[in-house]
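Reading through the structure tokens given below for one structure.
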Protein chains: 2
Amino acid sequence: MRQGGTDAVHDERLALRKRRPSLVDAACEHIRASILSGANWPGSQLPTEAEFVDVLGVSRTVVREAVARLAAAGLVEARQGKGLFVSETARYQAFQITREEVENLSDVIQLLELRLSVETEMAALAAERRSEVDVMSMRQQLKILGEAAIGLDDSVKADVEFHNVIARASKNTYYAKLIDFLGVRLVPPRSLYLRQGQSYVGARYKAVISEEHEAILDAIIRRDPDAARVAARSHMSSSLKRHRDLQDFMSSHSPTG
Amino acid sequence: MRQGGTDAVHDERLALRKRRPSLVDAACEHIRASILSGANWPGSQLPTEAEFVDVLGVSRTVVREAVARLAAAGLVEARQGKGLFVSETARYQAFQITREEVENLSDVIQLLELRLSVETEMAALAAERRSEVDVMSMRQQLKILGEAAIGLDDSVKADVEFHNVIARASKNTYYAKLIDFLGVRLVPPRSLYLRQGQSYVGARYKAVISEEHEAILDAIIRRDPDAARVAARSHMSSSLKRHRDLQDFMSSHSPTG
DNA sequence: AGTTATAAGTTATATGACAACTTAAATAAT
DNA sequence: ATTATTTAAGTTGTCATATAACTTATAACT
């Protein structure tokens with residue numbers, strides 16, 4: 001990705017566009033639509049495989065693969081000898097943000113807005129619940145971040161890990177999972193914007209971020225949830241503001257069209 | 001679900017336990033493990049279908065269905081003529097909390113802790129960005145909630161919708177999606193606990209909740225993000241406290257052993 | 001060396017068959 | 001007539017074989 005990153009992304013998009021929708025894709029959408037429309041509700045029985053074969057005009061292989069896909073998505077359940085059913089827990093769809101959904105700066109900003117809320121309370125919980133091992137791990141990541149010779153990728157990695165350690169220190173598995181989820185989606189755009197805006201990697205920037213991190217850590221060490229909340233919110237607000245400023249800058253310099 | 005709810009849940013659990021793992025299940029786990037172990041990384045090529053047939057000793061149908069399942073989960077991509085690959089975006093796994101994962105009061109409490117953070121900032125954004133239509137919708141849900149003759153299910157539904165409208169008023173699609181996600185998972189346990197603790201549906205409880213809701217709405221109408229943040233956080237904190245108190249009560253009255 | 005055609009390899013789809021399970025219908029026992 | 005058992009029908013799970021569609025490697029031609 002580092003070499004010819006833009007070209008690789010471009011080629012990949014092209015490849016996706018050239019892929020013709022398969023029969024399994026179409027069968028999936030047909031079944032999915034019948035569920036989303038309410039015609040088939042959680043627990044209700046769907047047509048049999050044989051009936052789908054007739055209705056869709058495809059082989060049983062295609063129907064079975066479509067069912068496998070929908071079962072994996074939690075929408076459908078196949079019961080041997082009985083038939084196909086809309087899953088009782090079809091409503092429990094996962095929360096997903098695909099890479100394609102985070103393609104604009106406005107998407108990144110939305111994501112940062114969400115992350116601000118999560119990080120704020122998470123830090124407060126970490127202040128209440130952290131262990132000494134948690135604190136040591138946080139310190140270690142900040143030490144790595146403070147090294148003068150660190151490269152951008154290692155810097156991003158240590159930053160992400162610092163936040164992941166805080167999440168784990170909250171002793172709430174959902175925070176830990178959600179922060180990891182958000183982190184995965186924010187790393188590529190962040191690295192991209194940091195590369196584009198060289199000023200972001202200057203010494204002044206690093207010093208500001210370092211202070212913010214230290215303030216969070218300090219509050220967590222002192223077991224002060226309110227201070228941790230304020231420090232974390234401040235840190236995330238700064239990040240959000242920078243992206244909003246970037247958005248404003250870009251929209252005021254956009255080509256006329 | 002209303003009639004014999006407990007029995008239906010019990011029967012369903014039993015049915016799940018009796019289902020024998022299929023060959024597709026096993027094939028899935030084999031492939032998934034090879035990815036998670038790092039032996040196969042994003043972008044790397046996996047063994048061909050034919051090779052999996054040999055290695056796993058199953059038919060090609062089983063391999064293909066396993067692949068369909070893993071593809072639906074975003075882990076694997078099949079490219080016709082080329083082979084099977086670990087998806088470039090395998091790391092972008094969805095955030096999922098299955099119904100089975102929210103089975104204890106402690107799970108509900110963790111979920112409420114997460115929800116507290118999300119609702120707090122969401123209300124602030126809604127105060128900044130809400131439209132008149134948003135406000136009308138919020139009012140409507142509070143009106144429904146205030147009706148004397150409302151049943152428990154309609155009450156829960158209106159409460160959920162009130163929060164969903166706030167989420168949409170934040171004009172951040174990720175907040176809207178996440179609140180919906182959290183709401184789906186909190187409705188069943190909430191209804192259950194409300195049913196068990198009759199005191200929760202008393203007039204005093206309703207009055208307190210109503211005041212909290214009105215405070216949030218008022219701040220949003222006045223376009224006061226700070227007040228909205230405080231009101232929403234206060235509202236969610238109360239809910240969280242009640243559940244923590246319930247947990248404390250239950251753990252101090254738990255059977256010995 | 002470059003271009004084109006052919007062969008080999010891989011996934012997408014189709015078809016037919018049997019295995020394993022569930023339910024309905026028929027038959028036997030009381 | 002009712003109940004219990006057996007059989008048949010229906011449905012998903014798996015296997016095997018074949019062809020279509022696509023990709024890559026190899027061979028043949030210019």
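Below, chain A is the first sequence line, B the second, and so on; all start at residue 1. This structure is a prediction, so every number in the text was calculated from the model and none was measured. Basis for what follows: all heavy atoms, side chains included, without hydrogens, waters or symmetry-related copies.
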Length of the [atom1]-[atom2] vector between [X] and [N], whole Å:
X	N	atom1	atom2	result
Leu46(A)	dT11(D)	CG	C1'	14 Å
Asp25(B)	dT12(D)	CG	P	17 Å
Arg79(B)	dG9(C)	CZ	C1'	17 Å
Glu49(B)	dT11(C)	CD	C1'	5 Å
Glu77(B)	dT10(C)	CD	C1'	16 Å
Phe52(A)	dA14(C)	CZ	C1'	19 Å
Gln45(A)	dG10(D)	CD	C1'	11 Å
Leu23(B)	dT12(D)	CG	C1'	13 Å

Worksheet item: Counting any heavy atom closer than 4.0 Å, what does Val24(B) reach on the DNA or RNA strands: base, sugar-phosphate only, or nothing?
Response: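 Since only primed, P, OP1 and OP2 atoms lie under 4.0 Å of Val24(B), the category is sugar-phosphate.
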Fill in: Min side-chain heavy-atom separation Asp107(B)-Leu111(B) under 4.5 Å
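In short, these two side chains do not touch, never coming nearer than 4.5 Å.
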Fill in: Heavy-atom side-chain contact between Val184(A) and Val160(A) under 4.5 Å
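A side-chain contact is absent here, since even the closest heavy-atom pair is not under 4.5 Å.
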Discussion item. Tell me which nucleotide, if any, is Watson-Crick or G-U wobble paired with dT23(C) when both distances must be under 3.5 Å.
Written reply: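 With both distances under 3.5 Å, dT23(C) matches dA8(D).
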Worksheet item: If you take all heavy atoms of Pro47(B) and Leu84(B), which pair is closest and at what distance?
Response: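 Taking every non-hydrogen atom into account, O-CD1, 3.6 Å.
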Item to complete: Taking all non-hydrogen atoms of both residues into account, name the closest pair between Glu88(B) and Glu77(B) and its distance.
Response: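 Taking Glu88(B) first and Glu77(B) second, the nearest heavy atoms are N-OE2, 3.9 Å.
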Fill in: Reference residue Leu182(A); test side-chain contact (heavy atoms from CB on, under 4.5 Å); the match among Leu112(A), Leu114(A), Val187(A)
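Single side-chain contact (heavy atoms from CB on, under 4.5 Å) partner of Leu182(A) among Leu112(A), Leu114(A), Val187(A): Leu114(A).
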Fill in: Any Lys82(B) side-chain nitrogen or oxygen under 4.0 Å from OP1 or OP2 of dG9(C)
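For dG9(C), neither OP1 nor OP2 has a side-chain N or O of Lys82(B) closer than 4.0 Å.
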Fill in: Options dA12(C), dT11(D), dG13(D), nucleotide nearest the side-chain atoms of Ser22(A)
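For the Ser22(A) side chain, the nearest candidate turns out to be dA12(C).
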Discussion item. The side chain of Thr48(B) is closest to which nucleotide in this list: dT11(C), dT13(C), dT12(D)?
Written reply: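 For Thr48(B), the side-chain atoms sit closest to dT11(C).
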Practice prompt. Sorted by first residue and then second, give each ring-ring contact (aromatic ring centres under 6.0 Å, His included) pair with at least one member in residues 47-97 of chain A; sequence neighbours left out.
Written response: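 For residues 47-97 of chain A: Phe95(A)-Phe181(A).
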Can you give me every donor-acceptor pair (side chain of residues 57-67 of chain B, partner residue at least two apart or in another chain, under 3.5 Å) with its distance?
{"unit_1": "Ser59(B)", "atom_1": "OG", "unit_2": "Thr61(B)", "atom_2": "N", "d": "3.4"}
{"unit_1": "Arg60(B)", "atom_1": "NE", "unit_2": "Glu49(B)", "atom_2": "OE1", "d": "2.7"}
{"unit_1": "Arg60(B)", "atom_1": "NH2", "unit_2": "Glu49(B)", "atom_2": "OE1", "d": "3.1"}
{"unit_1": "Arg64(B)", "atom_1": "NE", "unit_2": "Glu65(A)", "atom_2": "OE2", "d": "2.7"}
{"unit_1": "Arg64(B)", "atom_1": "NH1", "unit_2": "Glu49(B)", "atom_2": "OE2", "d": "2.6"}
{"unit_1": "Arg64(B)", "atom_1": "NH2", "unit_2": "Glu65(A)", "atom_2": "OE1", "d": "3.4"}
{"unit_1": "Arg64(B)", "atom_1": "NH2", "unit_2": "Glu65(A)", "atom_2": "OE2", "d": "3.2"}
{"unit_1": "Glu65(B)", "atom_1": "OE1", "unit_2": "Arg64(A)", "atom_2": "NH2", "d": "3.3"}
{"unit_1": "Glu65(B)", "atom_1": "OE2", "unit_2": "Arg64(A)", "atom_2": "NE", "d": "2.7"}
{"unit_1": "Glu65(B)", "atom_1": "OE2", "unit_2": "Arg64(A)", "atom_2": "NH2", "d": "3.2"}

Worksheet item: dA12(C) base to Gln80(B) side chain: any donor-acceptor pair below 3.5 Å?
Response: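 No pair found.
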Fill in: Selection: residues 55-65 of chain B, any non-hydrogen atom under 4.0 Å of DNA chain D
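Result for residues 55-65 of chain B: Val58(B), Ser59(B), Arg60(B), Thr61(B), Val62(B), sorted by number.
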